[in-house]
Amino acid sequence: MLTINQIKNNKEEIIKKLSVRNKDFSELINKAIEEDNNRRAIQNELDATLAKSNQIAKSIGLLFKEGKQEEANNAKQEAVQLKEKSKELSEKMNASKNNLQKILSEIPNIPHPSVPAGKTDEDNELVREGGTIPNLTKKVPHWELTSKFDIIDFELGNKITGAGFPVYKGKGAKIQRALIAFFLDEADKAGYKEIMPPLMINEASGFGTGQLPDKEGQMYHMTEDNLFMIPTAEVPVTNIYRDVILNEEDFPIKMTAYSSCFRREAGSYGKDVRGLNRLHQFDKVEIVRISHPEKSYETLDEMVAYVETLVQKLELPYRIVRLCGGDLGFTSALTYDFEVYSAGQDKWLEVSSVSNFESFQANRLKLRYKAKGEKQTKLAHTLNGSALALPRILAALLENNYTEDGIKIPKVLQKYLNFDVIN
RNA sequence: GGAGAGAUGGCAGAGUGGUCGAAUGCGGUAGUCUUGAAAACUAUUGUACCCACAAGGUACCGGGGGUUCGAAUCCCUCUCUCUCCGCCA
């Protein structure tokens with residue numbers, strides 16, 4: 001969420017920058033400013049009324065002490081009237097605040113100047129590519145390979161739970177474990193502190209990172225306890241810093257977490273859902289950073305470079321794209337997507353999304369820092385990225401490395417496994 | 001799940017209707033002293049909003065609601081924590 005001060009101070013500029021998202025936000029922006037003016041007017045009056053009430057209440061205490069019953073009773077009358085007035089005003093004020101909140105929550109993050117204009121993923125900008133696309137004699141999609149080698153059982157998942165909950169077996173399960181260990185070890189080497197977070201979150205956490213209230217339908221909801229299954233470790237990990245005021249010297253904050261992720265994927269039925277392409281439960285290692293505002297883009301570049309080393313070490317052909325305005329997430333200012341080429345399907349699969357949210361999440365989280373010698377707190381910047389999501393990485397590994405002799409395991413994973421080929 | 005106790009500032013911990021944004025101690029910051037440090041002493045030390053700034057004002061003592069002219073203090077409710085019992089990996 002943008003702050004009202006951000007909006008007021010740079011109104012025209014913000015409207016202009018938001019237009020990169022292919023939508024005109026001038027009306028909402030104007031409404032927000034108008035409502036804020038309204039709110040301030042009400043608060044002025046309310047504060048004055050309360051001040052008077054407080055004054056009278058104090059004087060009543062003194063009058064009683066002095067035994068001036070009559071005067072005290074007169075003062076009470078006045079106080080009652082003031083109270084009614086302040087009640088009215090505070091109701092108005094709450095309504096105004098809620099309305100402002102609602103308007104603000106409909107305004108997305110301001111795209112970074114480097115975000116290209118565009119409508120769909122076709123307008124995304126290719127930043128870099130690497131690796132070599134394998135020249136396979138036979139292209140086999142992973143869902144055939146997994147059943148051929150009996151390493152992932154989709155049918156069994158259907159039986160136990162439902163579609164989108166695969167069962168990993170034997171070498172399939174071991175590869176999952178190896179990938180998780182590999183990703184965590186790499187993150188550790190890169191200075192990220194490992195976190196093992198809760199897999200369910202409460203409402204406040206969901207609000208902090210922006211899943212609630214908008215994307216409520218995308219999370220599994222335990223209504224009995226009002227908890228939600230996490231769609232990504234970003235949520236619990238970033239919320240570690242909800243309601244926190246940091247010191248400048250606490251930066252940089254680097255965290256990583258492995259977790260299972262749960263997504264209802266409502267509304268995406270039938271679209272690229274075969275095999276591992278889109279699941280309700282999957283595993284992912286996430287990196288999260290909290291950064292000084294002046295350093296956050298440096299941080300973003302660092303994260304992109306880091307994720308790039310992962311796909312390189314896994315020897316996967318990849319490309320990095322900068323999302324265009326139309327494809328950019330609501331909360332993000334700049335996002336780089338990583339895609340790996342999956343030869344069996346002849347498709348690029350998105351395996352990581354690395355974003356700078358600037359102060360958009362921090363505002364909701366109330367995550368601030370205090371510069372040395374300054375009294376005012378400022379919002380920190382938050383960033384996160386997948387490093388990496390397992391299922392599509394696995395799909396690409398299986399498809400790209402498949403030969404007549406079986407599926408070869410990339411070198412970096414071999415030390416985590418007691419086999420180097422699946423056959 | 002049952003019974004009881006509790007939730008106060010960075011921490012510890014007073015405060016049971018008015019003079020409490022809140023004693024005291026510790027910690028933090030600045031200064032005095034010192035070659036430097038420690039100790040000691042002095043001052044300062046929550047967040048947000050209104051206000052151009054300052055002055056001043058308002059709100060916040062786990063969350064929400066209520067009683068009252070006035071609530072950290074009384075009532076209701078929710079959440080959480082602790083102790084005991086039960087169950088349990």
Side-chain angles (χ1 to χ4, degrees), chain A residues 1-11 32-101 103-104 196 198-208 212-213 221-228 236 239-250 253 260 359 362-380:
Chain A
M1 215 162 52
L2 301 178
T3 66
I4 187 64
N5 286 333
Q6 264 175 299
I7 291 173
K8 279 197 310 198
N9 295 336
N10 303 293
K11 181 183 150 186
I33 292 174
E34 199 180 303
E35 190 58 73
D36 184 58
N37 289 336
N38 182 34
R39 188 207 100 234
R40 294 211 322 273
I42 297 169
Q43 182 167 354
N44 263 324
E45 205 182 344
L46 175 62
D47 281 359
T49 309
L50 288 171
K52 215 171 189 183
S53 285
N54 287 341
Q55 226 176 351
I56 292 174
K58 248 178 214 169
S59 74
I60 289 175
L62 290 174
L63 288 172
F64 271 128
K65 226 172 237 174
E66 292 164 19
K68 297 176 181 167
Q69 293 283 338
E70 209 172 304
E71 279 181 55
N73 283 330
N74 286 341
K76 270 196 195 182
Q77 300 256 319
E78 195 183 346
V80 170
Q81 282 179 4
L82 282 171
K83 200 192 174 185
E84 264 169 45
K85 189 176 171 193
S86 67
K87 207 170 182 180
E88 234 171 74
L89 284 168
S90 77
E91 268 166 30
K92 265 198 201 170
M93 167 108 146
N94 278 336
S96 173
K97 268 187 175 170
N98 288 340
N99 192 233
L100 179 60
Q101 190 79 358
I103 295 167
L104 288 176
M196 200 178 267
L199 302 182
M200 295 190 204
I201 48 137
N202 58 27
E203 262 183 292
S205 294
F207 178 82
L212 294 176
H221 188 190
M222 318 289 137
T223 50
E224 185 80 12
D225 301 289
N226 198 22
L227 297 172
F228 299 84
N239 271 281
I240 291 173
Y241 286 91
R242 168 153 50 86
D243 285 320
V244 167
I245 298 175
L246 297 161
N247 293 314
E248 238 175 339
E249 57 266 29
D250 295 330
I253 291 167
S260 291
S359 59
N363 184 216
R364 293 180 152 230
L365 291 160
K366 297 208 167 34
L367 164 51
R368 294 156 291 172
Y369 74 96
K370 200 176 244 179
K372 225 180 161 62
E374 275 183 47
K375 214 177 142 108
Q376 273 262 304
T377 60
K378 290 181 187 153
L379 293 171

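Quick caveat: nothing in here was measured; it's all calculated off a predicted structure. The sequence lines fix the lettering, A, B, ..., with proteins before strands; numbering per chain opens at 1.
- To the nearest whole angstrom, the two P atoms, one in B/U68 and one in B/G10, are 34 Å apart.
- Applying the Watson-Crick and G-U wobble criteria (two distances, each under 3.5 Å), B/A37 pairs with nothing in any strand.
- Using atom P as the reference point in both B/G27 and B/U79, the two lie 39 Å apart (nearest Å).
- Closest approach of A/L212 and A/F228 over heavy atoms only: CD1-CE1, 3.8 Å.
- Not counting sequence neighbours, A/N9 has no partner by the side chain to side chain donor-acceptor pair (under 3.5 Å) test.
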Can you pull every protein N or O that's under 3.5 Å from an N or O on nucleotides 9-12 of chain B?
none

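- Toward the 5' end of RNA chain B, the nearer of the two residues A/I245 and A/S53, judged by each one's closest nucleotide, is A/I245.
- Pair check for B/A71 finds none; no Watson-Crick or G-U wobble contact set falls under 3.5 Å.
- The side chain to side chain donor-acceptor pair (under 3.5 Å) check on A/K85 picks up nothing, with sequence neighbours excluded.
- For the P atoms, the distance linking B/G1 with B/C11 amounts to 30 Å, nearest Å.
- Annotation: B/G13 and B/G6 have their P atoms spaced 14 Å apart (nearest Å).
- Closest approach of A/L379 and A/S359 over heavy atoms only: CB-CB, 3.7 Å.
- Scored by the side-chain contact (heavy atoms from CB on, under 4.5 Å) test, A/Q101 finds A/M1, A/F207 as partners (sequence neighbours excluded).
- Taking the salt bridge (charged side-chain N to carboxylate O under 4.0 Å, His left out) definition, one finds that A/K92 meets it with nothing, sequence neighbours left out.
- Applying the side-chain contact (heavy atoms from CB on, under 4.5 Å) rule to A/N10 yields the partners A/E13, A/I14; only residues at least two apart in sequence or on another chain are considered.
- Of all nucleotides present, only B/A43 satisfies the Watson-Crick or G-U wobble test against B/U29, with each distance under 3.5 Å.
- Here A/N202 pairs with A/S205 under the side chain to side chain donor-acceptor pair (under 3.5 Å) rule; sequence neighbours left out.
- Rounded to whole Å, the separation between the C1' atoms of B/G17 and B/A12 comes to 27 Å.
- Under the Watson-Crick or G-U wobble criterion, with both distances below 3.5 Å, B/C20 is left unpaired in every strand shown.
- Using C1' as the reference atom, B/G9 and B/G62 are 14 Å apart when rounded to the nearest Å.
- Close to B/U47, at under 4.0 Å from its OP1 or OP2, lies no side-chain N or O of A/R368.
- For A/N99, the side-chain contact (heavy atoms from CB on, under 4.5 Å) partners are A/E35, A/I103, not counting sequence neighbours.
- Nucleotides B/U58 and B/C51 are separated by 16 Å at their P atoms, to the nearest Å.
- Note on A/S59: nothing from the nucleic acid sits closer than 4.0 angstrom, heavy atoms only.
- Taking atom P on both B/C61 and B/U19, the two are 15 Å apart, rounded to the nearest angstrom.
- For A/R39, the side chain to side chain donor-acceptor pair (under 3.5 Å) test picks out A/D36, with sequence neighbours left out.
- Partner assigned to B/C80 is B/G6, using Watson-Crick or G-U wobble distances below 3.5 angstrom.
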- Query: What is the per-nucleotide protein-contact pattern of nucleotides 53-63 of chain B, from the 5' end, where B denotes a base atom under 4.0 Å from a protein heavy atom, S denotes such proximity for sugar-phosphate atoms only, and - denotes neither?
  - Reply: ----BSS----
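- The partner of B/A14, taking Watson-Crick or G-U wobble pairs whose two distances both stay under 3.5 Å, does not exist in any strand shown.
- The pairing partner recorded for B/C87 is none, the criterion being a Watson-Crick or G-U wobble arrangement whose two distances lie under 3.5 angstrom.
- Between A/R39 and the phosphate of B/C49, there is no side-chain N or O to OP1/OP2 separation shorter than 4.0 Å.
- Nucleotide B/G56 has B/C50 as its partner under the Watson-Crick or G-U criteria, with both atom distances under 3.5 Å.
- One finds no side-chain N or O of A/R40 lying less than 4.0 angstrom from the OP1 or OP2 phosphate oxygen of B/C49.
- When distances are taken from the side chain of A/T377 to each of B/A48, B/U47, B/G18, the shortest belongs to B/A48.
- A search for side-chain contact (heavy atoms from CB on, under 4.5 Å) contacts involving A/N37 returns A/I33, A/R40, not counting sequence neighbours.
- Along RNA chain B, the nucleotide nearest A/Q77 and the nucleotide nearest A/N94 are compared for position; the residue whose nucleotide lies closer to the 5' end is A/N94.
- Applying a 4.0 Å cut-off to non-hydrogen atoms, the residues of residues 79-91 of chain A that approach RNA chain B are A/A79, A/V80, A/K83, listed by residue number.
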